[in-house]
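Predicted model, so just to flag it, every value in this text is computed and none were measured. We name chains A, B, ... by the order of the sequence lines, and we start the count at 1 in each one.
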Protein chains: 2
Amino acid sequence: MPTRPTHERNKGLALDRSLIARLPLFKGLTAAELDEMLRGARSVRYPKQSAVFEQEAEAHSFFVLLDGHIRVVRTTPEGHQVIVRYISEGEIFGVAAALGRTTYPASAIAAVDCVALVWPNALWSELSLRFPSFGANTYKTVGSRLQETHTRVVELSTEQVEQRVAHALLRLVNQTGQKTDQGIEIDFPISRQDIAEMTGTTLHTVSRLLSAWEERGLIVSGRQKVTVKDPHALVVLAEHRDRR
Amino acid sequence: MPTRPTHERNKGLALDRSLIARLPLFKGLTAAELDEMLRGARSVRYPKQSAVFEQEAEAHSFFVLLDGHIRVVRTTPEGHQVIVRYISEGEIFGVAAALGRTTYPASAIAAVDCVALVWPNALWSELSLRFPSFGANTYKTVGSRLQETHTRVVELSTEQVEQRVAHALLRLVNQTGQKTDQGIEIDFPISRQDIAEMTGTTLHTVSRLLSAWEERGLIVSGRQKVTVKDPHALVVLAEHRDRR
DNA sequence: GCAGGAATTTGCGCTGGCGCAAACTGGCTG
DNA sequence: CAGCCAGTTTGCGCCAGCGCAAATTCCTGC
């Protein structure tokens, strides 16, 4: 059950720099600089299924995910949902304001219980000027997201559903895969519906595909859970030229 | 016939700041600062159908389009082409390096004879530091392209072909429409195939749709030419909820 | 003015994947 | 521990849009 987002503020305690020192985003900053970055932040817990921010809402903050997984979702006026991406540990997100927007273009939903650092947007220009490598890293992240999104456009334009779903699974596994005795498992709850919303198809079709793949021993899956047993076979499927 | 790209260098003459003073990208810069920006640039002419840069090639420069229209195209290993976007007058493009890439992720092809300013990438960090508003404007551009691309993902995921083509036409008309006595014309040559590559369908389907729309008086079209007579009707088509 | 070729149109048959509907399952709640 | 419900599976029929093919039109270069 989605309990209400409990914005438990860090109660006056200084955040420890070890929280972020290991993140590539902050590479090159000295201990003192990390402390300075953290001085502007607070740490917030987001229970599973709660919204970190909502589409169209005033963009007041940007975020760095310390723990958990976040689903970024765009909803159309007609009520269709499309999953824009998943955010994993260590990534920056909600940077709308740094890109000249005043509202968030999508919603961010905690896929599991999450912890994030939150900075008010007012600090963005100050921080990115004071720590140019932080600014540059953020823009690089934006750049690679643009590339990924273009890749998705290409996939949606040229591939069959089966290839798209295979690609999506492989991407999730590479991004967040946890080794288990069965194979590599996507380490957050993900439904057939979610996969459908990532690939532009329906949960029915995803269900049929996963069933067929399970039959053939490529994966094992359960409720909101997918484990890839034979990634190579999936790659073959994903790359398999269609007849267009 | 695509003649060879003729990189006619500006022969030692200083570029006039009036070339770029009116562009939003350079808003806020003084006359002296504009001159300084231009000192690092050269002006190059690209004949129709020539490549400004090629996908996978080493990213050596970034560009500002002074005149013409440029088609940005991604080609898949299987040989499918997807049009990523059209660049119009005044826009910056080829900023791969500023986003941490060493190669161009797509090709840029002159849709008509074009003129662009070209800066070596080596100057990027210097220029964006010296003229922060220029850097910020560029990143805003990247941000809005990311949003547009997400919108395209949503369209590809949730809309029927007819809606997608209608949306694409409306976007082209808004971006580059020229008023004529017939209606609003897309002011560069665009084929059915091009429209198909923008919307993830085939030239046959696009042809059928345009024929039907012409029949109904919404557009008039010819070879590589589309004129929208009734934008409102197209909007209705584009927004028309499908049955999903 | 004519030949050649690129762009477009149109017909036809087929099918991938969707919509709809119903049944089933596993985990959580009271 | 019974019941409920979200998530999943599966069958069935249909159709939007693709592949293929052929005809036609318009533009360009000679």
Would you please confirm or rule out a distance under 4.0 Å between OP1 or OP2 of [N] and any side-chain N or O of [X]?
X	N	value
A:Q193	D:dG7	no
B:S211	C:dT8	no
B:T205	D:dC18	yes
A:T202	C:dC18	yes
B:S207	C:dT8	no

Listed nucleotide nearest any side-chain atom of B:T201, set C:dT9, D:dG11, D:dC18: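 The listed nucleotide nearest to B:T201's side chain is D:dC18.
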Tell me which nucleotide among D:dG17, D:dT8, C:dA7 gets nearest to the side chain of B:Q160.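 That would be D:dG17.
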[N] [atom2] sits how many Å from [X] [atom1], rounded?
X	N	atom1	atom2	result
A:E214	D:dG7	CD	C1'	15 Å
B:Q224	D:dC27	CD	C1'	10 Å
B:W213	C:dT9	CH2	C1'	16 Å
A:K48	C:dG27	NZ	C1'	11 Å
A:E159	D:dC18	CD	P	16 Å
A:L209	D:dT8	CG	C1'	14 Å
A:E197	D:dT8	CD	P	12 Å
A:K225	D:dA6	NZ	C1'	18 Å

Hey, which sits more toward the 5' end of DNA chain D by its nearest nucleotide, A:R208 or A:R223?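 Looking at the nearest nucleotide for each, A:R223 comes out on the 5' side.
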When all nucleic acid strands are considered with a 4.0 Å heavy-atom cut-off, which category describes [X]: base, sugar-phosphate, or nothing?
X	answer
A:E162	nothing
B:R192	sugar-phosphate
A:L210	nothing

Ignoring hydrogens and angles, are the base of C:dT10 and the side chain of B:H204 linked by a donor-acceptor pair under 3.5 Å?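 Checked by distance alone, the answer is yes.
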Using the ring of each side chain (for Trp, its six-membered ring), is B:H69 parallel, tilted or perpendicular to B:F188, with breaks at 30° and 60°?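 Aromatic pair B:H69/B:F188 classed tilted.
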Determine the interplanar angle of the A:F93 and A:F63 rings, folded into 0 to 90°, and report it as parallel if under 30°, tilted if 30 to 60°, perpendicular if over 60°.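 A:F93 vs A:F63 ring planes: parallel.
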Mind checking the OG1-CD spacing from A:T141 to A:E91? Nearest 0.5 Å is all I need.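 One finds 7.5 Å between OG1 of A:T141 and CD of A:E91.
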With A:R192, the side chain to side chain donor-acceptor pair (under 3.5 Å) member among A:S211, A:S207, A:S221: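 The side chain to side chain donor-acceptor pair (under 3.5 Å) with A:R192 is passed solely by A:S221 among A:S211, A:S207, A:S221.
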Go through the side-chain N and O atoms of A:R101 and B:S144 and say whether any donor and acceptor fall under 3.5 Å apart.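 Looking only at side-chain atoms, B:S144 and A:R101 do not form any donor-acceptor pair under 3.5 Å.
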